Structure formats: structure tokens, C-alpha cells
Amino acid sequence: MTTLFDFKNGIIDEELLQCINGLKCGKLVVFPTETVYGIGANSMDKVAVDNIFKAKGRAHDNPLIVHVSDKEMIYSLVSNINEIEEKIIDIFCPGPLTIILPKKDHIPDNVTCGLSTVGIRMPSNNIAHILIQKSGIAIAAPSANISGKPSGTNIEDIYSELQDKVDYIIDGGVCDIGLESTVIKVIDNKVKILRPGKISPQDFINNGFEVQLDEHIFESVKNNEIVESPGMKHKHYAPSTNTIMVYSKNEEKQINKIKEILKTNKRVCIIGYEEHFNIFKNVEYISMGSKYNLTQISKNIFSALRRVDKLNVDICILEGVEKEGLGIAIMNRLIRACGYNFIEI
Ligand code: TXA
Ligand code: MG
């Protein structure tokens, strides 16, 4: 059975204690972060970590991020941090960043899926911070969703998907950012972005770092290709409904292309900009927010994608955004959601 705790109006101490005791005895606790919700367990408890993989149906080659509350906790988990990594942590943590670092031996192998590195993240969300700090537990947590589905960003989606698969769910309201953290690794003194997020390439440049995007951010991984981050190989976010993405820098071209697709399909849903709501007729229209507000779009995108399969349509059309700033992270998720089936004109 799953117990739901409502912390939207503040943390309730006795219930927090229940979650902390739960973590200490191997239970799974879903908790909010500023990016997306996580399914948490004590990272030092091998059996509890295994239960995360079972609850999600997660592939056993896809490592978990370990969540910490302060730098001391990082030092207890990693065997080495160089000057650049230290500087990145000082600038961006706590916040929506995961940094891949060499792991210490005592972290169970199933957390990192046998890799010699571990993903470290220090969430800024207050509930997440207090849970980690008060428990003193470094929490292993993937996003709160069944593997392959969009990450959980609100309690309704999470509860319907994970009830009876986890022990406790903490409701902290809708996640501020709505997209998972930026995952980075420092290679040859350069920041390599393995998964784009709210912290953008420009944010690193502005702070004096050299930065590089992994080549798989917008491209699929070929068979047997070795990747820096195992998550890149797996299917993500895609509705079961046939999905296509359309993007052009020229808005009129984008609209005309979508109209063309509408002509040859009867039952269609569009996940598009608020401004285009009145343009497309006889379709199920899900607004992901204003085209001028990428923050709003990133917050809504996963809940929008989750609605598609309930609509009983033949095709879902996604409107793309410009690959700039937060748009890089949004397009990375949209390209995966359409299974790389996209038209860029
Ligand atoms: O915002 C987030 O990062 C959320 C919240 C809950 O913190 N977590 C999250 O976890 O998105 P998950 O498991 O859904 O995605 C973690 C990604 C995966 O793509 C995984 O392959 C990668 O991080 N990753 C984890 N450890 C890694 C490592 N040691 N080396 C390379 N990639 C790693
Ligand atoms: Mg995930």
C-alpha cells in the first residue's frame, strides 16, 4: 500500500519522520525536486536500490543519480574531484545539475550499474533538501515514472502510475522546472553536456567554462555504439500513439506543414503553442504554453505528453522550438518523444 503525504503547505514533521524511518529500513519514497519527482531509496541499501529498478521496470544498465544535501556528502561518495568540478559545484549546486564523478567503492554496484562513476545531484527543492539532510542519507533516485514514460512532475500523474509500487509519496506540488537536470561530465577540462536541462551551455560559458554538447542529444544511438551516459540508449517519453514533430524557424512554414499533415489524417491531436490554438480546426489541441515562454513550455511538456494516449487519435503532432537556451533541453525531450520522427524545414 502507498501512503500519500501532502507537504504543499509545508512539511509535517511526524510524516517527514515516517519517510526518514522508511528510507532507513529500505522503503521507497517518492519526493519532489525542482526538476521532476524522484523515486528515492537509501543509496547504500542494495536491496532497496534493486526495488527501485523493479518499481520502474528500469533496464539494469541505466545507473541512478545519488542526491545529496551538501558538499560533505559529495566527498563521502566520490574518490576524486578536480578544480573545475569543484568550481562547477560551487557555482551551480544546489540546483538542477547532475555531475558525473569517480565513485568510492562503498557505493553499491547496482546504483551505478557497474560503472566506476556516479551521478551526483544536490537538489534545491526544500522538501528534497530537508529529507536528505535530516535523514543523513544519500538518496538514490531516478525520475518518478515507469521506464519509457515521461517523468512525473505532478502528483496526479505520479499517483496513478506508481500507487502500490512505492511505499510513500510526498506531494510537494507541481515541479518548478518540469524537465530533468542537466547531466554533465568534465572531460579534458571541458564540460560535456550528456543530457541538456535548465542549466544551459551558455550558463557554463558565462562562468568561464569550455562546453560541448554530446553528439547524441539530438541523434539516436546506433547499435553497439558506446555512449557516455547509458540513459541515451533507452526509449523515453514517447506516447504509444504515432507521433511526429514539426519545426521551422519560419513559423508560417511550420503551420503549413502541420496543415498538410492534418489533411491526410482524421483524428489528430496537436501539442503546440498557446498562440496556435485557434489556427488548427477539428483537432484535439493541447497547449504547452506560449512560444515566447520556454520556462512555461518546459513545465508543461511531460503532463501534455501523458494526455495523448487517452485521446484515442491516429496521430499526435508536436510543435518544436528553437534549439537555443532552454530550447535545447525541450527539443531533446520532444525528439525522443516522437521517436526521432521529425520534420525540420
Ligand atoms: O532531475 C533529475 O535528474 C531527476 C531528479 C529526480 O533528480 N532524476 C532523473 O533520473 O532524471 P533518471 O534516472 O531518470 O535519469 C538519470 C540519467 C540517466 O540518463 C542515466 O543514464 C544518467 O543520468 N546517469 C546516471 N548515472 C550516470 C553515470 N555514472 N554516468 C553517466 N550517466 C549517468
Ligand atoms: Mg528518467
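Since the model is a prediction, treat every value here as computed from it, not as a measurement. Order of listing sets the numbers, starting from 1, for every ligand and every atom in it.
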Taking atom types as modelled, is there a side-chain donor on [X] or [Y] under 3.5 Å from an acceptor on the other?
X	Y	answer
S248	N250	no
H216	E228	no
E180	S151	yes
T35	R121	yes

Quick one: how many protein N/O/S atoms are under 2.8 Å away from the Mg ion (ligand 2)?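 Those protein atoms number 1 in total.
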Going by an N to O cut-off under 4.0 Å, is there a salt bridge joining [X] and [Y]?
X	Y	value
R306	E161	yes
E319	K291	no
D109	K103	yes

Which residue pairs satisfy the salt bridge (Lys or Arg N to Asp or Glu O under 4.0 Å) criterion with at least one member in residues 260-279, sequence neighbours excluded?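 Listed by first then second residue: K257-E260, R267-D314.
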Under a 3.5 Å threshold, I'd like every N/O contact between ligand 1 and protein atoms, with atom names and distance.
unit_1	atom_1	unit_2	atom_2	d
ligand 1	1 (O)	T35	OG1	2.6
ligand 1	1 (O)	S181	N	2.7
ligand 1	1 (O)	S181	OG	3.4
ligand 1	3 (O)	S181	N	3.4
ligand 1	3 (O)	S181	OG	2.5
ligand 1	3 (O)	R195	NH2	2.8
ligand 1	7 (O)	H67	NE2	2.6
ligand 1	7 (O)	R121	NE	2.7
ligand 1	10 (O)	S143	N	3.4
ligand 1	11 (O)	R195	NH1	3.1
ligand 1	11 (O)	R195	NH2	3.3
ligand 1	13 (O)	R58	NH1	3.1
ligand 1	13 (O)	R58	NH2	2.9
ligand 1	14 (O)	S143	N	3.2
ligand 1	14 (O)	S143	OG	2.9
ligand 1	15 (O)	R195	NH1	3.1
ligand 1	21 (O)	N62	OD1	2.6
ligand 1	21 (O)	S229	OG	3.4
ligand 1	21 (O)	G231	N	2.8
ligand 1	29 (N)	T117	O	3.3
ligand 1	29 (N)	T117	OG1	3.1
ligand 1	32 (N)	S229	OG	2.9

Let me have the donor-acceptor pairs involving side chains of residues 8-17, under 3.5 Å, with sequence neighbours excluded, atom names and distances please.
unit_1	atom_1	unit_2	atom_2	d
K8	NZ	D6	OD1	3.3
K8	NZ	D6	OD2	3.4
K8	NZ	D171	OD2	2.8

